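Report on the structure given below.
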Amino acid sequence: MSKGLPKRSEDYSLWYNELVKRADLAENSAVRGCMVIKPYGYSIWEKMQAELDRMFKETGHTNAYFPLFIPKSFLSKEASHVAGFAKECAVVTHYRLKNAEDGSGIIVDPDAKLEEELIVRPTSETVIWSTYKNWIQSYRDLPLLVNQWANVVRWEMRTRLFLRTTEFLWQEGHTAHATAKEAMDETVQMMNVYAQFAEEFMALPVVKGMKTANERFAGADETFCIEAMMQDGKALQAGTSHFLGQNFAKAFEVKFATKEGGLEYVWGTSWGVSTRLMGALIMAHSDDNGLVLPPKLAPFQVVIVPIYRGEAELEAVSVKAREIMAELKKAGISVKYDDRDTQKPGWKFAEYELKGVPIRIAIGPRDLENGTIEIARRDNLTKEQFELVSLPISEKIAILLDEIQEGIYSKAFNFRSEMTTEVNSWNEFKEVLEGKGGFISAHWDGTSETEEKIKDLTKATIRCIPLDRKEETGSCIYSGNPSQGRVLFAKAY
RNA sequence: CGGGGUGUAGCGUAGCCCGGUAUCGCGCCACAUUUGGGAUGUGGAGGUCGUAGGUUCGAAUCCUGCCACCCCGACCA
C-alpha cells in the first residue's frame, strides 16, 4: 500500500498530480506553467523517443534541427495558421538588459528593441517551409522526409504536468511531396506509426480517425489523430498527423519542376507527438498504489531487493543476485539491484510499486536454502515463490514481461470497450455523458453548427470520425438531420 | 481575463477571528536495537511566518499595496 496516495475514485486529478510528483516523474518549476522532468520520468520519455525515432527512420525519415525563434512575419504568411496560434505565442522583443539608473536592479534596455519581433516556436511549419523553399527545386528533391526533436512553447491559460505545459518536448515531422496522393499516404502512414507505437509499446489501445473541420490543425486540409480513453472516462488526443495540402507551399512559394517540365506547388504533411504521451501512459494504466509501467517502456524492467541481516548474509544473497542479474542482462532484460542498506526491504517494495517497476525479485536467506526467489508482478500485485531449477530465470522473466505487457494492454482495451457506448437519442446522449462518460458513438449531421451547439451544451467534442466506422445512414442525435455514419464524442483533456 | 482559495522549516500543517516572538507529523543528522511489506527508541539540527509599507510599546495574527501558486471557467497537443 502506498502511503497517502489519493484514490482515483475520490479525486482523479489530485491522484494524477500526486502520482506524477511522488513517482519522481516531474514537478512544477520556478517558471509558471513549465515543468521539471525528473530523471526517472525523463528516462521513460527517452525510451519513447528511442522507439519512435527508430520507427521514423524505418519509414525513411531523417532528423534535422531548426531554430527556436520564428520571425513574426513568417508566422503570418499562412492565414489560418496564424489565426490558430496567435493567442498563445511568447514573443521576444528585446535582446539586452541593463542596470537601472535608479539602482533598482536589472531592466530591459529600451534601446535594444528588435527590429522585428521573434516568436518562440509554437510549432515549426513556417520556419521549416521557409527553409524548404531553398531545398526544393525539382521533383528530384522530393520527397523530403524530415523530423525534428524539439521543445515548443504555447502560452496556455491553465497547465497540468505533462498534459498541458507552457513548454513541452515533442517531435515534429515535416515532409514535402510531389503529389497529393503521396502526401496523403504519408499522413496516413504516420498516424499508423503512432497507433502502432501506442498499442505495442505504451500498451494503449487507440482509435484512429479524422478530425472534423472544427478540430483540424490550423493550416491543414485534413487532420488524422489517435484518440485514447483514460480511466476517468475522458478522452485524450495522443497524436496527430496533418495533410497540409499545398497551403504552406503556397504561403512560402515552394514550387518544383516536374518531370514533364511544369512548375507546381509542393504537397506537405506534418505530424507530432509530445510529452503528453507521458500523461496518457500514467493515466491509462496506473492504480491507487502508484504507477504501472508497460515493460517495454520501463526504465528498468526488474528490480532485485535483497533481504538480509548483517553483512555476511548480504554477501551471500548478493552472490545469487548478481548471478541472476547477469543472466537477465544477457537476455536483454534491464535490471536494477538495490542493495542500499539505507532503506529497509518494506520501504523498497512500496517505492518500486509507486514507480511502476514491472517485476520485483526478492532474495533472502530462506531462498538461498530452498533454491527459490520471490517474484512479484506490479500489474496484478501477485507474488510467487519460483524454484530456480524449474526454468532458466531469464526465460521465466521474459515470459512474465510479455504477459504483463499484454495484460496491461487487454485491461486497457476492455476498459475502453466498456466505456464506448452507442446512443441513438439526445436524452440518452446526455445521460451517458453525465453518468458513465467515455466515448459515445452517435450519428451527426456533419455540420460545424451542430458540433458547436453540442459542445456548448455538454462540453463534449467530436474526438474523431473513426476510420473503421461502418457506413450506415441514420439521423443526427441533436438536429435529427440525415447522417452518413457515427462519430465518437467525448469530454476530452 | 472572470469567479473562488492559499502562501508558516525540504514537504504537509496548527496558530490568525480575540496581537505578547511559532504547533504537530513526515523527512533530515547521530547512536543503539532492527531488516521476508513503508521499523523502534533516545538525542539533535533546521523558521527573514510570500513581499513592501502602515497601525501598535509589541504583528504570523489587524489594515493597504504588490507578487506567486492552486482550483473552477473561456483557450488548447
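In this text, all values refer to a predicted model and were calculated from it rather than measured experimentally.
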- Task: Indicate, with a heavy-atom threshold strictly under 4.0 Å, whether Thr342(A) touches base, sugar-phosphate, or nothing.
- Result: nothing
- Separation of the C1' atoms in A39(B) and G27(B), to the nearest angstrom: 15 Å
- Item | 5' precedence on RNA chain B between Arg160(A) and Lys87(A) (nearest-nucleotide basis) | Arg160(A)
- For Asp367(A) and Gln385(A), what are the C-alpha separation, side-chain angles and deciding distance, and is it a side-chain hydrogen bond (donor to acceptor under 3.5 Å, both in side chains)? CA-CA 9 Å; Asp367(A) 294 304; Gln385(A) 286 300 125; 3.3 Å; yes
- Item | G20(B) versus A59(B) - spacing of their C1' atoms, nearest Å | 10 Å
- Message: Is the distance between the ring centroids of Phe66(A) and His174(A) under 6.0 Å?
- Response: no
- Query: Which residue pairs pass the salt bridge (charged side-chain N to carboxylate O under 4.0 Å, His left out) test with at least one member in residues 305-323 of chain A, sequence neighbours excluded?
  - Reply: Lys320(A)-Glu323(A)
- Listed nucleotide nearest any side-chain atom of Glu156(A), set G38(B), G37(B), C76(B): C76(B)
- Message: Heavy-atom nearest nucleotide on RNA chain B for Gln237(A) versus Gly33(A): which residue maps closer to 5'?
- Response: Gly33(A)
- Query: Is there a side-chain contact (heavy atoms from CB on, under 4.5 Å) between Met35(A) and Thr275(A) once you walk through the steps?
  - Reply: CA-CA 11 Å; Met35(A) 65 179 163; Thr275(A) 35; 4.1 Å; yes
- Task: Give one of base, sugar-phosphate or nothing for Leu163(A), where a contact means two heavy atoms less than 4.0 Å apart.
- Result: base
- Message: I'd like to know whether the aromatic ring centres of Trp129(A) and His81(A) sit less than 6.0 Å apart in this structure.
- Response: no
- Message: Any base atoms under 4.0 Å from Arg360(A), or only sugar-phosphate, or nothing? Heavy atoms, all strands.
- Response: base
- Message: Ring centroids only, cut at 6.0 angstrom: are Phe162(A) and Trp45(A) within range, meaning strictly under it?
- Response: no
- Message: Are Phe489(A) and Phe439(A), when compared by the centres of their aromatic rings, separated by less than 6.0 Å?
- Response: no
- Item | Interatomic distance at C1', A22(B) relative to G37(B), whole Å | 37 Å
- Query: NA contact type, Glu351(A), heavy-atom cut-off 4.0 Å: base, sugar-phosphate, or nothing?
  - Reply: base
Could you go over nucleotides 29-36 of chain B and give all protein N or O partners under 3.5 Å, atom names and distances?
| unit_1 | atom_1 | unit_2 | atom_2 | d |
| --- | --- | --- | --- | --- |
| U35(B) | OP1 | Arg309(A) | NH1 | 2.7 |
| U35(B) | OP1 | Arg309(A) | NH2 | 3.4 |
| U35(B) | OP2 | Arg309(A) | NH1 | 2.6 |
| U35(B) | O2' | Tyr308(A) | O | 3.1 |
| G36(B) | O6 | Gly364(A) | O | 3.3 |
| G36(B) | O6 | Pro365(A) | N | 3.3 |
| G36(B) | O6 | Arg366(A) | N | 2.7 |
| G36(B) | O6 | Asp367(A) | N | 3.2 |
| G36(B) | N1 | Asp367(A) | OD2 | 2.5 |
| G36(B) | N2 | Asp367(A) | OD2 | 3.2 |

- Item | Rounded distance (Å) that lies between atom C1' of A74(B) and atom CH2 of Trp155(A) | 19 Å
- Donor-acceptor pair between Glu353(A) and Asn289(A) side chains, under 3.5 angstrom: no
- Considering only the C1' atoms, how many Å lie between C57(B) and G15(B), rounded to the nearest integer? 23 Å
- Task: Decide, yes or no, whether a salt bridge links Glu434(A) with Lys491(A) under the criterion of side-chain N to carboxylate O below 4.0 Å.
- Result: yes
- Message: What I'd like to find out is whether the side chain of Phe349(A) reaches to under 4.5 Å of the side chain of Trp347(A), using heavy atoms alone.
- Response: no
- Distance between C1' atoms of A74(B) and G58(B) (Å, rounded): 48 Å
- Intra- and inter-strand pairs of RNA chain B in dot-bracket (Watson-Crick or G-U wobble, both distances under 3.5 Å; | for another strand): (((((((..(((.......[...))).((((((.....)))))).....(((((..]....))))))))))))....
- Write down the distance separating the C1' atoms in G3(B) and G44(B), rounded off to the nearest Å. 48 Å
- Quantified in whole Å, what is the C1' atom distance between nucleotide U48(B) and nucleotide G36(B)? 49 Å
- Item | Euclidean distance for P, C16(B) against G10(B) (whole angstrom) | 24 Å
- Message: Classify Lys459(A) by what it touches in the nucleic acid, base, sugar-phosphate, or nothing, heavy-atom distance under 4.0 Å.
- Response: sugar-phosphate
- Note on the structure: Ala350(A) has its side chain closest, among G37(B), C70(B), C75(B), to G37(B)
